[in-house]
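Heavy-atom basis, side chains included; hydrogens, waters and symmetry copies ignored. A note on names: the letters A, B, ... follow the listed sequences, proteins ahead of strands, and every chain is numbered from 1.
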Amino acid sequence: MSELKVYNSYSRQKEVFTPLTRGHVGMYVCGPTVSGESHLGHARPYITFDVIYRYLQHLGYKVRYVRNITDAGHFEEEGREAEDKISKKAVLEKLEPMELVQKYTNLFHWAMAQFNTIPPTIEPTATGHIVEQIGMIQQLIQAGYAYEVNGSVYFDLKKYAASHDYGKLSGRVIEDLLETTRELEGQEEKKDKADFALWKSVAPEHIMRWQSPWGVGFPGWHIECSAMATKYLGPEFDIHGGGMDLLFPHHESEIAQSTICNHSAPVRYWIHNNMITINGRKMGKSYNNQIRLTEMFSGDHPLLEKAFHPVTIRFFILQTHYRSTLDFSNEALQASEKGLKRLWEAYENLGRLTMTGEGAAAKEAELDVKVRRLLDEFDEFMNDDFSTAKVLANMFEIVPVINSMKDKTVPVTALSKETFELLQSKFKTWIEDILGLKSVTEADNEKLRGVMQLLIDIRREAKGKKDFATSDKIRNQLAQLGITLKDEKGGEMSWSIE
RNA sequence: GGUCCUGUGGCCGAGUGGCUAGGCAGAGCUCUGCAAAAGCUCCUACAGCGGUUCGAAUCCGCUCGGGACCUCCA
């Protein structure tokens, strides 16, 4: 089998993946900031890395997958920021940041479950690792790469850049950075405009604040990830993932911090997913064009023509390569919805097929060879930097074969027994375990099956008597309920919920 | 302004210099009481202009268009 190759943002090329510790993989992915609700764009990294996580496990690796929750910082909720400043209110009337954190953490976990993502093995919170972050900042100060000013601590970029390659990951030139960085609040106290905050002191009315050797404040965003990644994955680990928009300054800064503290570059393979765009523009708060996940699922948004099932969104995302931008549109989502339905129904049909007796000695037959080629390519494509789009394309090429066997226009025995069994088992493993897809129709229980079977029997009897009024009534009324009945060859009937 | 990415058929999107991507939509046919589904067939494109090459969507240059990052951002 071919070996896994991943595109490393750091070297800007595909590299053979070799983990640091044989049989084990350490992977860190930047998680959500839980001061607000996740939108469609946020779904992409978590689904992308979920598939990577699943695939690494499929390859036999034991994976420690760490994804943080950023719950520290300057927290505000829409419409409530003004209250933040009023300190004389009763405790219960005041904005309690942990309430926000809890609310949006819960919502995030719910959405991730809807997407059928597997929870990370460790999901550390920033607030739970203040001690580690302070420790790391102290190390940086002792090493001479950070300095304190008025209770805040900054990273000394110029000093770091003098002996290290700052900017390599994001293709930045340090001299330009020192020139072009914009004016920001608190700039004057920094040595250089490009220096980033490790610890920010805050005024007493701020709610999110912790005691530190430099006074009361809160940790900088970049140090959070460095501290937690180091704690759980060690000074050097295999994969660090996140959106491309985090390349600079977040990941670049992480490299700088960790390199000083741990005396080595922290990450071997940097993997970055591209953005989801809407009308050609990145979806994000800067453009005020987000569609929240709850809105995607409910269809309750001016830009949405209908609701979309989370698994449809997952499929939509996997139909493109993770390093390409993906443009949102109702049309594209609906195409995914229909495509997924077709694929999933074929997959279910495949499970019901059985090979009776011996498959023909078909090893040389054209169809057998084709199916085996398409199946073999699953591994090849996935090993080539996780080309889920190509895996899905191959699955779609197999769909007509399955449907023809189901309709008996092609006998199951057109395949060898070996190939048929491989088809069944491999399709299941890949579509469910690796791509993490599942049925979009949930109302699938025993009682409903029984009722449907009854209706189908009655309808079949009516049809036998050419009582089309009754047979049509059953079909039409079910259609109104969103259940489609389909007559199939040989008098069989099947049904599906829209 | 700097750095980088990108422009594929009606839409979404794969694409390693030569070999059908795939999905959705559309057209025809088959099956069928009708419908739906399914199967088969068709629709065969690479922004423009140059260049390299026996051969380019794929490499190079220029032009035009779109975008990302440089500030919180998945």
Ignoring the backbone of [X], work out which of [options] is nearest its side chain.
X: A:Asp472; options: B:A14, B:A74, B:C34; result: B:C34
X: A:Phe468; options: B:A74, B:G67, B:G33; result: B:G33
X: A:Tyr287; options: B:C69, B:C34, B:A36; result: B:C69
X: A:Arg373; options: B:G2, B:A14, B:U20; result: B:U20
X: A:Asp487; options: B:G33, B:A74, B:C11; result: B:G33
X: A:Arg281; options: B:C34, B:C11, B:A68; result: B:A68
X: A:Phe316; options: B:G15, B:C12, B:A74; result: B:C12
X: A:His42; options: B:A74, B:G22, B:C34; result: B:A74
X: A:Ser471; options: B:G39, B:G13, B:G33; result: B:G33
X: A:Gln319; options: B:C69, B:G22, B:C4; result: B:G22

Between [M] and [N] - [atom1] atom distance, rounded Å:
N: B:A45; M: B:G39; atom1: C1'; result: 26 Å
N: B:G26; M: B:C69; atom1: P; result: 37 Å
N: B:G15; M: B:U8; atom1: C1'; result: 9 Å
N: B:G23; M: B:C43; atom1: C1'; result: 15 Å
N: B:C19; M: B:G61; atom1: C1'; result: 29 Å
N: B:G55; M: B:G18; atom1: P; result: 14 Å
N: B:C72; M: B:C59; atom1: P; result: 35 Å
N: B:A21; M: B:U44; atom1: C1'; result: 12 Å

Mind checking if [X] touches a base, just sugar-phosphate, or nothing, with heavy atoms under 4.0 Å?
X: A:Asn394; answer: nothing
X: A:Glu345; answer: nothing
X: A:Gly284; answer: nothing
X: A:Leu340; answer: nothing
X: A:Leu333; answer: nothing
X: A:Leu246; answer: sugar-phosphate
X: A:Met283; answer: base
X: A:Asn476; answer: nothing
X: A:Lys338; answer: sugar-phosphate
X: A:Met244; answer: nothing
X: A:Lys285; answer: base
X: A:Ala393; answer: base
X: A:Phe196; answer: nothing
X: A:Lys466; answer: nothing

Separation of [X] atom [atom1] from [N] atom [atom2], in whole Å?
X: A:Asp384; N: B:U16; atom1: CG; atom2: P; answer: 8 Å
X: A:Lys463; N: B:U32; atom1: NZ; atom2: P; answer: 11 Å
X: A:Leu326; N: B:C5; atom1: CG; atom2: P; answer: 21 Å
X: A:Asp407; N: B:G39; atom1: CG; atom2: P; answer: 8 Å
X: A:Glu377; N: B:G15; atom1: CD; atom2: P; answer: 14 Å
X: A:Arg314; N: B:A74; atom1: CZ; atom2: C1'; answer: 16 Å
X: A:Leu343; N: B:C24; atom1: CG; atom2: C1'; answer: 14 Å

Q: Establish, from distance only, whether the side-chain atoms of A:Tyr322 and A:Asp385 form a donor-acceptor pair under 3.5 Å.
A: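 Yes, because at least one side-chain N or O of A:Tyr322 sits under 3.5 Å from a partner of the opposite role on A:Asp385.
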
Q | Whichever of A:Phe248 and A:Ser404 has its nearest RNA chain B nucleotide further upstream toward 5' | A | A:Ser404

(Q) With nearest nucleotide decided by heavy atoms, which residue, A:His321 or A:Phe396, maps closer to the 5′ end of RNA chain B? (A) A:His321

Q) Taking the six-membered ring for Trp, are the ring centroids of A:Phe155 and A:Tyr160 within less than 6.0 Å of each other? A) yes

(Q) Quick check on the 6.0 Å ring-centre criterion: do A:Phe297 and A:Phe308 meet it? (A)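 No, ring centres 6.0 Å or more apart.
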
Q: Kindly determine whether A:His129 and A:Tyr232 satisfy ring-ring contact (aromatic ring centres under 6.0 Å, His included), including the steps that lead there.
A: CA-CA 11 Å; A:His129 296 77; A:Tyr232 297 112; 5.5 Å; yes

Q: Check whether the side chain of A:Arg342 and the base of B:C24 form a donor-acceptor pair under 3.5 Å.
A: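 By the distance-only test, no, there is no pair.
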
Q | Check: B:A74 base within 3.5 Å donor-acceptor of A:Arg44 side chain | A |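 In this structure, the two groups form no donor-acceptor pair.
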
Could you check whether [X] pairs with [Y] (Lys NZ or Arg NE/NH1/NH2 to Asp/Glu carboxylate O, under 4.0 Å)?
X: A:Arg372; Y: A:Asp368; result: yes
X: A:Asp379; Y: A:Lys426; result: yes
X: A:Lys486; Y: A:Glu345; result: yes

Q. Side chains of A:Phe218 and A:Arg209: closer than 4.5 Å at any heavy-atom pair?
A.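 Result no, sub-4.5 Å side-chain heavy-atom pair not found.
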
Q | Pairwise side-chain contact, A:Ile276 with A:Ile317, heavy-atom cut-off 4.5 Å (strictly under) | A | yes

Q | A:Ala126 backbone acceptor or donor facing A:Gln133 side chain under 3.5 Å | A |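 Side chain of A:Gln133 to backbone of A:Ala126: a pair is present.
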
**Q.** A:Ser324 vs B:A14: side-chain N/O to OP1/OP2 distance below 4.0 Å
**A.** yes

Q. Reckon A:Asn273 has a side-chain N or O less than 4.0 Å from the OP1 or OP2 of B:A74?
A. no

Q. For A:Tyr46 and B:A74, is the gap between ring centres under 5.5 Å while the planes differ by less than 30°?
A.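 It does not: the ring fails the test against the base of B:A74.
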
Q | Cation-pi check, A:Arg314 onto A:Phe115 ring (under 6.0 Å, within 45° of axis) | A |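 Because its charged atom misses either the 6.0 Å distance or the 45° angle limit, A:Arg314 does not stack over A:Phe115.
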
Q) If you count the non-hydrogen atoms of other residues, nucleotides and ligands that lie under 6.0 Å from NZ in A:Lys306, is the total more than 12? A) yes

Q: Can you run through RNA chain B from 5' to 3' and write each base as (, ), [, ], | or . depending on how it pairs? Watson-Crick or G-U wobble, both distances under 3.5 Å.
A: (((((((..(((.....[...))).(((((.......)))))....(((((..]....))))))))))))....

